[in-house]
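Okay, so here's the structure we're looking at.
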Amino acid sequence: MPSDIRVRFAPSPTGYLHIGGARTALFNWLFARHHGGKFVLRIEDTDIKRNTEEAMAAIYDGLQWLGLNWDEGPHVRGEFGPYLQSERTELYAKYLKKLQDTGHIFDDQGALRFRSPREHVIVDDIVCGKIDFDLSNPATHPDMTIRRPDGSWIFHFVNVIDDLEMKISHVIRGEDHLSNTPKHIEIIRALGATPPHYAHIPLILNRDGSKMSKRDEGARVEYYIRRGYLPAAVRNYLCLLGWSPKDNREKIDLDEIIRIFDLKNIGRSSATFDPDKLHWLNGEYARELSDSEFYGLAVAKLGSSGVNLDKFPETYVRAALQTCEGKINTFDELPAYCGFYFTDDLNYDPEAVTKQFTPENKPRLREVSDALRTLEQFDAAGIEATLKATAKKLGLKVGAIVHPTRLAVTGSNVGPSLYHLIEVLGKEKVLARIDHALATF
RNA sequence: GGCGCGUUCGUCUAGUGGUUAGGACACAGCCCUCUCAAGGCUGGUGCACGGGUUCGACUCCCGUACGCGCUGCCA
């Protein structure tokens, strides 16, 4: 038996998808998937001036990136369309007429207002519980405008009409709408209809406690796409903001979240977005990537950051990238991490230089060079054995020669396994780089 | 100002009258180790405040403070 659960995400096209909006969409989507219901996407573009193709594309792209497919809405259609409010004006006029005929509307200098019945309205919210709003005082709760003198519609009205028309069963939205809800219910009742169920989810705040706004770079989903985050990680992190599996799990498969998702487990207090935790969680997902997944994402990232891979054989690139697996949390860290594979023009880290390129280390580095030069089996195992033997010969711990060698060969004091990276680079390049380094101090 | 909501480590959270207040991120130290990660171990920091109710409150009630939201011819 098909579920009659129908939820919607109703963003306005403001030019990008807000991370809070994405979480709202996610909770709606999870609720729909959990119950086998429908997830509807509706674009609230009543403000024609702000309605652009690019703005809507940002919403579609962001949702798709997060894997939040919609069952009805733009592109996929559905029996309750159209799904852009700008194309539904006749419908709103019809409902307006109904309200006018029953005496609920009055004209205020060309604008139309809904006359409040002036009563108490109880909002029975799935997350917030029963809340009693006293709407009897017109001074504190003025009659709300539903249409401007120029004929354009106000959010409070069209939002309610569309939810009714689209047979939305549950309205899951940000808590910033909680105070508006009793007024929405007044309109619905005036229409003789039954309000949907409501679930108001807590807001997402910045570190400093302020509401996340467009000005914060991490506030848009696009930021995480660009920075090389994994959608599964961002999605997982977003789930943890305000919702909890209640059993201390952090990394949870999507299927599992769908299975256990329950609006009753949504908290009531606002949550602060923690980039560090997202970064960690992304690393958890990144470490699980297969060779080919890692390779694909890595090549894309290197390409978009201007690293030219064309002049290198694919086997070389694959081998190089393989040494980076499990080492980075987000892909935007990769170019700096593995750039030495794809250029001979190394910039030695100044701090590492003062530490490693010392008079004492110069002869040691020569020893390393000589030893590697005579190595026949130039693979990680052979290289490791060679370095260890060299260290022993010099009466040193292997770390003492590893550090200057790494700096000479990669320009940095951090990076992939030295033995493996030397193998990938190959004897010729490695010797040349050590020679070059030796000439600098 | 009015109305509404909220307040457990720095952050995300578990917790529903009796717990050594648990986990995770971050942080610090140690171990492992060719660096960095990863992994393992250890550590510190928390129930906003004041009244009740109760044999007993983080848990229930009332205030206060603080934060957030709404109060638009924005959504």
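Keep in mind that this is a model prediction, so the values were computed, not measured. Residue numbers start from 1 in every chain, and the chains themselves are labelled A, B, ... in the order their sequence lines are given, proteins ahead of strands.
- Here Arg249(A) lies out of heavy-atom contact (under 4.0 Å) with every strand.
- Between the side chains of Glu44(A) and Asn159(A), at least one donor-acceptor pair of N or O atoms lies under 3.5 Å.
- Across all strands shown, His177(A) has heavy atoms under 4.0 Å from base atoms, whether or not it also approaches the sugar-phosphate.
- When each of rU13(B), rC5(B), rA75(B) is scored by its nearest atom to the side-chain atoms of Ile154(A), the top-ranked nucleotide is rA75(B).
- Taking the P atoms as reference points, rG2(B) lies 38 Å from rC55(B), given to the whole Å.
- Looking at which nucleotide of RNA chain B each of Gly326(A) and Leu178(A) is closest to, the 5′-most match is held by Leu178(A).
- No contact: Lys355(A) has no heavy atom under 4.0 Å from any strand.
- Ring centroids of His170(A) and Phe31(A) are separated by less than 6.0 Å, placing the two rings close together.
- Remark: rU7(B) base-pairs with rA65(B); criterion is Watson-Crick or G-U wobble with both hydrogen-bond distances under 3.5 Å.
- As rounded to the nearest Å, rU13(B) and rU54(B) have C1' atoms that lie 29 Å from one another.
- Across rG40(B) and rG23(B), the matching P atoms stand 14 Å from one another, rounded to whole Å.
- Residues forming a side-chain hydrogen bond (donor to acceptor under 3.5 Å, both in side chains) with His184(A) (at least two apart in sequence, or on another chain): His156(A), Arg173(A).
- Separating the CG atom of Leu205(A) from the P atom of rC66(B) is a distance of 18 Å, rounded to the nearest angstrom.
- The side chain of Asn248(A) approaches rG22(B) more closely than any other nucleotide in the set rC68(B), rG6(B), rG22(B).
- Of all nucleotides present, none satisfies the Watson-Crick or G-U wobble test against rC32(B) with each distance under 3.5 Å.
- Protein atom CH2 of Trp243(A) is 14 Å distant from nucleotide atom C1' of rA24(B), rounded to whole Å.
- In this structure, rU71(B) forms a base pair with rG1(B), meeting either the Watson-Crick or the G-U wobble geometry with both donor-acceptor distances under 3.5 Å.
- On a pure distance criterion of 3.5 Å, no polar donor-acceptor pair joins the side chain of Ser270(A) and the base of rG6(B).
- Ring pair Phe9(A)/Phe39(A): centre-to-centre distance not below 6.0 Å.
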### Message
Each nucleotide in nucleotides 26-35 of chain B should get exactly one letter: B, S or -. Can you fill that in based on protein heavy atoms under 4.0 Å?
### Response
--------BB
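- Closest to the side chain of Lys246(A), from the set rC12(B), rG15(B), rC5(B), is rG15(B).
- Backbone-only engagement by Glu44(A) is indicated by non-hydrogen atom pairs under 4.0 Å involving sugar-phosphate atoms exclusively.
- Between rG2(B), rU11(B), rG69(B), one nucleotide has an atom nearer to the side chain of Thr140(A) than all others, and that is rG2(B).
- Of the nucleotides present, none pairs with rC58(B) by Watson-Crick or G-U wobble criteria with both distances under 3.5 Å.
- Under the rule for a ring-ring contact (aromatic ring centres under 6.0 Å, His included), the partners of Trp70(A) that lie at least two apart in sequence or sit in another chain are Tyr60(A).
- For the P atoms, the distance linking rA21(B) with rC36(B) amounts to 37 Å, nearest Å.
- Spacing between rC25(B) and rC66(B) at atom P, rounded to whole Å, works out to 35 Å.
- With RNA chain B read from its 5' end, the first of the two nearest nucleotides for Gly267(A) and Gln109(A) is the one closest to Gly267(A).
- Taking atom P on both rC58(B) and rC68(B), the two are 28 Å apart, rounded to the nearest angstrom.
- An OP1 or OP2 oxygen of rG6(B) is reached within less than 4.0 angstrom by no side-chain nitrogen or oxygen of Ser269(A).
- By the neighbour-count criterion of 12 heavy atoms within 6.0 Å, atom NZ of Lys251(A) is densely surrounded, having more than that number from other residues, nucleotides or ligands.
- Backbone-only engagement by Gly242(A) is indicated by non-hydrogen atom pairs under 4.0 Å involving sugar-phosphate atoms exclusively.
- Note on Arg173(A): every side-chain N or O is 4.0 Å or more away from OP1 and OP2 of rA75(B).
- You'll find the ring centres of Phe27(A) and Trp243(A) outside the 6.0 Å limit.
- Considering only side-chain atoms of Asn180(A), the nucleotide from rC70(B), rC5(B), rC73(B) that sits closest is rC70(B).
- Here CD of Glu325(A) is found 10.0 Å from CD of Glu293(A). Values are rounded to the nearest 0.5 Å.
- No close placement of the His279(A) and Tyr237(A) rings is indicated, their centers lying 6.0 Å or farther apart.
- One interatomic measurement links the two molecules: CD1 of Ile252(A) to P of rU13(B), which rounds to 13 Å at whole-angstrom precision.
- Counted by atom type alone, Tyr285(A) and Asn236(A) present one or more donor-acceptor pairs between their side chains at under 3.5 Å.
- Going from atom CG of Leu240(A) over to atom C1' of rU13(B) covers 8 Å, rounded to whole Å.
- Nucleic acid contact for Trp153(A): sugar-phosphate only, since backbone atoms but no base atoms lie under 4.0 Å from a heavy atom of the residue.
- Between Ile201(A) atom CD1 and rG6(B) atom P there is a gap of 16 Å when expressed in whole angstrom units.
- Nucleotides rA75(B) and rC12(B) have their C1' atoms positioned 28 Å apart, rounded to a whole Å.
- Across the strands present, rC47(B) finds no partner; the criterion is a Watson-Crick or G-U wobble pair with both atom distances under 3.5 angstrom.
- Rounded to whole Å, the distance from CD on Glu175(A) to C1' on rG6(B) is 7 Å.
- Across rA75(B), rG39(B), rC73(B), the shortest atom-to-atom separation from the side chain of Glu284(A) is found for rG39(B).
- Pair assignment for rU19(B): none, as no Watson-Crick or G-U wobble contacts are both less than 3.5 Å.
- For the P atoms, the distance from rC70(B) to rG63(B) is 25 Å, rounded to whole Å.
- Phosphate proximity of rA75(B) to Thr46(A): present, with a side-chain N or O under 4.0 Å from OP1 or OP2.
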